[in-house]
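Written below as structure tokens is the structure these notes are about.
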Number of protein chains: 2
Amino acid sequence: MALGKDYATQECSIASALEVIGERWTLLVIRDAFYGVRRYNDFLVHLGIPRAVLSARLRALTEQGIMEKRRYQESPPRDEYVLTDRGIALWPTMRALGAWGREQLTQVQLRVFRHADCGTELGSYNECPACGTIVPVSDVEVLPGPGLSRDPADPVSRALLKPKRLLQPVVIDPV
Amino acid sequence: MALGKDYATQECSIASALEVIGERWTLLVIRDAFYGVRRYNDFLVHLGIPRAVLSARLRALTEQGIMEKRRYQESPPRDEYVLTDRGIALWPTMRALGAWGREQLTQVQLRVFRHADCGTELGSYNECPACGTIVPVSDVEVLPGPGLSRDPADPVSRALLKPKRLLQPVVIDPV
DNA sequence: GCTGTTGGTTCAATGACCGAACCGACGATG
DNA sequence: CATCGTCGGTTCGGTCATTGAACCAACAGC
């Protein structure tokens, strides 16, 4: 999108949202960010996205305040991209979309989301059936579901097989 | 999308979902369908979408079982497009996306969603705070919010100013 | 000095989207 | 019965976005 052409005239918050996150790859970049991917190269190998497109998407997301570019070491200068509060607010959308995809399309559970405090699997509204509360993103634990392949090719997918909290940086182990 | 190129290898229900509904215009067509738009021409004037793209999207959505093409009169033969159960299952996603757009981007409430039974405004999980239940799509009433313009140009937008239930066909009054 | 890693940019080719024009089936009008 | 208008499309040339490969710069380590 980012054409503003017609979406802008829609008078609809869904259209406004799609202006910002509706382009190809954008939501997958955000999904990876929730899973703890932060570095350019990790997005690259995990998504198989063209470099130019990744650059463009990260720049757009940064400009729109959904991600933040952060220097994590000088010399050599290295930056990482992390979700801002605005980006984190997309979690319910991600969950709803993922739940729809699983129920209506794949029929296989690829990932499980649990309440880190009590280990209970979350409902599709991110509520914990045991605690009766909506679980904040930082208390959500992701682990591979029964349908996920056990030995993926790329190192990022391999690192994501370990259970971990959302947003916590993924740890790529050396070859 | 519909390229299947890389999304297919993602092992992720979000990616699968985006394969199907991630293309430009697709989610806006579905949004209109929730609002009761059913006919080719009404989608056309309300969205300002190119005709060829609308045809392609409706065909794809029909093939994927998200919408259904239904003959509503013979002579002249006229069809309408309505959401199937699979399409209706997208409602939580639409709500989540719309809520994010409103809270994080537009800051203006363009539409209000109420529980038709009791008139209470719904939360962003489609729950009725008064009744304490998740409200099914057919019991949701849409009405224009404070931010919506009162005299839109196209007849479909004008017809949508009347409060109505989701999925109930929109009534276009003659010029 | 050479090589490898990270984080990019540039470029030609392909594919998607756009807007305008056209088309066929039919009803209504005169 | 000729013409006009509506509805639901298809076709087509031009433009814009995406793709994949190549290139580049900064730096670390050997």
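The structure displayed is predicted, hence computed values, not measured ones. Below, read A as the first sequence line, B as the second, and so on, with proteins coming before strands; counting in each chain starts at 1. Computation of the quantities below employed the complete heavy-atom set of this structure, encompassing side-chain atoms and omitting hydrogens, waters and symmetry-equivalent molecules.
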- Task: Could you tell me the separation between the CH2 atom of Trp100(B) and the OG1 atom of Thr93(A), rounded to the nearest 0.5 Å?
- Result: 8.0 Å
- Query: To the nearest 0.5 Å, how far apart are CG in Leu166(A) and OG in Ser138(A)?
  - Reply: 9.0 Å
- Query: Would Trp91(A) and Phe113(A) count as a close aromatic pair, with their ring centres under 6.0 Å?
  - Reply: yes
Between atom [atom1] in [X] and atom [atom2] in [N], what is the gap in whole Å?
X: Leu44(A); N: dT6(C); atom1: CG; atom2: C1'; answer: 11 Å
X: Leu58(A); N: dG7(C); atom1: CG; atom2: C1'; answer: 11 Å
X: Arg70(A); N: dG7(C); atom1: CZ; atom2: P; answer: 14 Å
X: Glu80(B); N: dG9(D); atom1: CD; atom2: P; answer: 12 Å
X: Ile49(A); N: dA17(D); atom1: CD1; atom2: C1'; answer: 13 Å
X: Leu28(B); N: dC17(C); atom1: CG; atom2: P; answer: 13 Å
X: Leu54(B); N: dA20(C); atom1: CG; atom2: P; answer: 16 Å
X: Arg24(A); N: dC16(D); atom1: CZ; atom2: C1'; answer: 16 Å

[N], OP1 or OP2 - any side-chain N/O from [X] closer than 4.0 Å?
X: Arg59(B); N: dT10(D); result: yes
X: Asn41(A); N: dG7(C); result: no
X: Tyr40(B); N: dT10(D); result: no
X: Trp25(A); N: dT19(D); result: yes
X: Arg71(A); N: dG7(C); result: no

Minimum heavy-atom separation for [X] to [Y], with atom names?
X: Phe34(B); Y: Ile88(B); value: CZ-O, 3.6 Å
X: Ala33(A); Y: Leu83(A); value: CB-CG, 3.7 Å
X: His46(B); Y: Ser157(B); value: CD2-OG, 3.1 Å

- Is Glu141(B) paired with Arg114(B) through a side-chain N to carboxylate O contact shorter than 4.0 Å? yes
- Message: Whether Asp79(B) and Arg70(B) form a salt bridge (side-chain N of Lys/Arg under 4.0 Å from carboxylate O of Asp/Glu) is what I want to check.
- Response: no
Pick out the pairs of N or O atoms, protein on one side and nucleotides 10-12 of chain C on the other, that lie under 3.5 Å.
none

- Task: Look at the side chain of Lys164(A) and the backbone N and O of Tyr35(A), then say whether any donor-acceptor pair between them is shorter than 3.5 Å.
- Result: yes
If you restrict it to nitrogen or oxygen atoms, what contacts under 3.5 Å exist between nucleotides 27-30 of chain D and the protein, and what is each distance?
residue	atom	partner	partner atom	Å
dA28(D)	OP1	Ser75(A)	OG	2.5

- Query: Of Tyr72(B) and Arg57(A), whose nearest nucleotide on DNA chain D comes first from the 5' end?
  - Reply: Tyr72(B)
- Describe the nucleic acid contact of Val53(A) in one word from base, sugar-phosphate, nothing, applying a heavy-atom distance below 4.0 Å. base
- Message: Counting the atoms with a prime plus P, OP1 and OP2 as sugar-phosphate, which does Tyr81(B) contact under 4.0 Å by heavy atoms, base, sugar-phosphate, or nothing?
- Response: sugar-phosphate
- Non-hydrogen side-chain atoms of Arg95(A) and Leu122(A) separated by less than 4.5 Å: yes
- Note on the structure: Against the side chain of Ser55(B), the closest entry in dG7(C), dT10(D), dT19(D) is dT10(D)
